[in-house]
Undergrad: 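Please find one structure pasted underneath; my questions will follow.
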Protein chains: 2
Amino acid sequence: MTTAGSAREPKYQRIAGALRRDIAEGRYAPGERLPGENDLMAEHAVARMTARQALAVLQAEGLAEARKGAGVFVREFEPIRRRGIQRLSPEQWGSGRSVWDADIAERDLAVEVIAVSEVSGDEVPSAVVNILGTAEVWLRRRRFVLDGKPVMLSVSYFPAALVAGTPITETDTGPGGAYARLAERGHAPEHFREEIRSRMPTADEALRLKLAAGTPVMLIWRTAFSAEGTAVEVNEMMLDAASYVLEYDFEG
Amino acid sequence: MTTAGSAREPKYQRIAGALRRDIAEGRYAPGERLPGENDLMAEHAVARMTARQALAVLQAEGLAEARKGAGVFVREFEPIRRRGIQRLSPEQWGSGRSVWDADIAERDLAVEVIAVSEVSGDEVPSAVVNILGTAEVWLRRRRFVLDGKPVMLSVSYFPAALVAGTPITETDTGPGGAYARLAERGHAPEHFREEIRSRMPTADEALRLKLAAGTPVMLIWRTAFSAEGTAVEVNEMMLDAASYVLEYDFEG
DNA sequence: CAGTGGTCTAGACCACCGT
DNA sequence: CGGTGGTCTAGACCACTGA
């Protein structure tokens, strides 16, 4: 017999299904090691590639995670709760606290400012130009690392005319962050729009967020508008979907 | 040479990278057929499994989609825009229109009511019991199909005490849907909370949504509260992430 | 029908890790 | 060091498609 044989379901799916059930029913706890390729080959009398395929299914579902030279392990999941609306209230950034402080409490956060630079023309994504109404912008590229793991990549775009000469063009934006600086200049953000997509990351994105296989990213595009309805910031965020729960509270 | 050889990057990654670049630069348009296994074997002088692995990378990224017996094709993407907040305003459901009408216009939508039943005890997820404060609930299980493709699975839970004897326990909830019926009984939903997660689907979930490989799902858990702060509905939704963009508009 | 992707075997060498 | 997962070969049969 060189192929699937009598059963309708492929062998690797049967094996994967058995392991999935074992995980769901707690016979393998989060963090615990699963049977390896050699174990599965012996137990189910299949070739190495078939055992690999079964383990690949679980990894693609985000249920398991391979560590080279060590084994395949059940994944753990403990997300950050990001309260989309409350976190952007003026009370948050009006008082010297950053917006981010609302998301995490008592965890080890590092915000790496990767780049702060003025760009224009073709270097600015056309979607950003359309929203801000100018191709002369400052961008702030940051990476947020929680307990040693990158959880979010962020690029903020500001119209150069609004932020030139302010600390927004420097690494440290000062107490309350960029929104407090915009408010001081009379461009306080009042209205927000967040657009959320989800997809699988490219190989490069997976590397920068240190994502395990089978982990999607969530993309949030936030536009902040001042009282006059002018867009004063566009922020493109890419989140590790395994690290986040997004929450929106609102009235009907 | 039985293995990777001199290059640091695996062969299948090199091949996948070349195809990815070709797609990004438009040499293969959305919907167009990519080189198949046999083409790649010939062109790069590799074994079938290696060519397959390269194509598997693109499918895992959601960039390509295999059709058995036909080939591997560049995927297309045209999402539904779901406006999270406006769609739940009383003007929407107060006037006989369903909430869903706000999302799509002039497209062929079918809402399949899969089950309407009273359940209790262990049959109710404990998270739902905790929120609603009772294990006596009615559930409505639905599937939303747009232009022939399933885009969302939905399960709504209502406290049995609130909905017994109303059309909410029947297939057709009547004009304005379940929210209009709740309002007539004095339990109009006024406050909403939506929690959003994203992950890869299980094999079963992928089947029910007819998902292509490499497509995550977005999970929305919505709780609706009446004016008194009582939870009157919990709705668990599972969306095809390739079919949706979520949008939230709010004041700071 | 010919061609496609899907599954599977039975080997092999490699880089990495310390279960 | 032995065991692990990662990559790769050169075959094979199958079910499905109609480019």
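All chains are named by letter (A, B, ...) in the order of the sequence lines, taking the proteins before the strands, and each is independently numbered beginning at 1.
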Undergrad: Please test A/Leu19 against A/Leu40 for side-chain contact (heavy atoms from CB on, under 4.5 Å), starting from the C-alpha separation and ending with a verdict.
TA: CA-CA 10 Å; A/Leu19 289 173; A/Leu40 295 179; 4.2 Å; yes
Undergrad: Can you tell me if A/Arg52 touches the phosphate of D/dG6, counting only side-chain N or O atoms and a distance under 4.0 Å to OP1 or OP2?
TA: yes
Undergrad: Figure out the CG/C1' separation between B/Leu34 and C/dT4, and round it to whole Å.
TA: 14 Å
Undergrad: Which one, C/dT7, D/dT7, D/dT9, comes nearest to the side chain of A/Tyr12?
TA: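 So the side chain of A/Tyr12 is nearest to C/dT7.
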Undergrad: Taking atom C1' of D/dT9 as reference, at what distance in whole Å does atom CD1 of B/Ile15 sit?
TA: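 Answer to the nearest Å: 13 Å.
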Undergrad: What is the separation between atom CZ on B/Arg33 and atom C1' on D/dG18, rounded to the nearest whole Å?
TA: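 It is 12 Å, rounded to the nearest whole Å.
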Undergrad: Should B/Arg197 and B/Glu195 count as an ion pair when the cut-off is N to O under 4.0 Å?
TA: yes
Undergrad: To the nearest angstrom, how far is B/Lys11 atom NZ from D/dC8 atom P?
TA: 6 Å
Undergrad: For a quick test of reading the model, state the closest non-hydrogen atom pair linking A/Met41 to A/Ala51 and the distance between them.
TA: CG-CB, 4.0 Å
Undergrad: Starting at atom CD of A/Gln13, determine the distance to atom P of C/dT7, rounded to an integer number of angstrom.
TA: 7 Å
Undergrad: State whether the number of non-hydrogen atoms from other residues, nucleotides or ligands found under 6.0 Å of A/Arg27 atom CZ is greater than 12.
TA: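 Yes.
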Undergrad: Cut-off 3.5 Å, side chains only: do B/Thr173 and B/Arg140 have a donor facing an acceptor?
TA: no
Undergrad: Could you check how far CZ of B/Arg48 sits from P of D/dA12, rounded to whole Å?
TA: 12 Å
Undergrad: Whether A/Arg67 engages the ring of A/Phe73 as a cation-pi pair (distance to the six-membered ring centre under 6.0 angstrom, angle to the ring normal within 45°) should be assessed.
TA: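 Yes, cation above the ring, under 6.0 Å and within 45°.
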Undergrad: Counting only heavy atoms and a strict 4.0 angstrom limit, can you tell me which residues of residues 56-77 of chain A come near DNA chain C?
TA: A/Lys68, A/Gly69, A/Ala70, A/Gly71
Undergrad: How long is the line joining CE of A/Met49 and P of C/dA12, in whole Å?
TA: 16 Å
Undergrad: Just how far, in rounded Å, is C1' of D/dT4 from CD of A/Glu37?
TA: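 Taking CD of A/Glu37 and C1' of D/dT4, I get 8 Å after rounding.
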Undergrad: Above 12 or not: heavy atoms from other molecules or residues under 6.0 Å from CG of B/Asp204?
TA: yes
Undergrad: Would you kindly compare A/Thr50 and B/Asn38 by the position of their nearest DNA chain C nucleotide and give the one closer to the 5′ end?
TA: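 On the 5' side of the pair lies B/Asn38.
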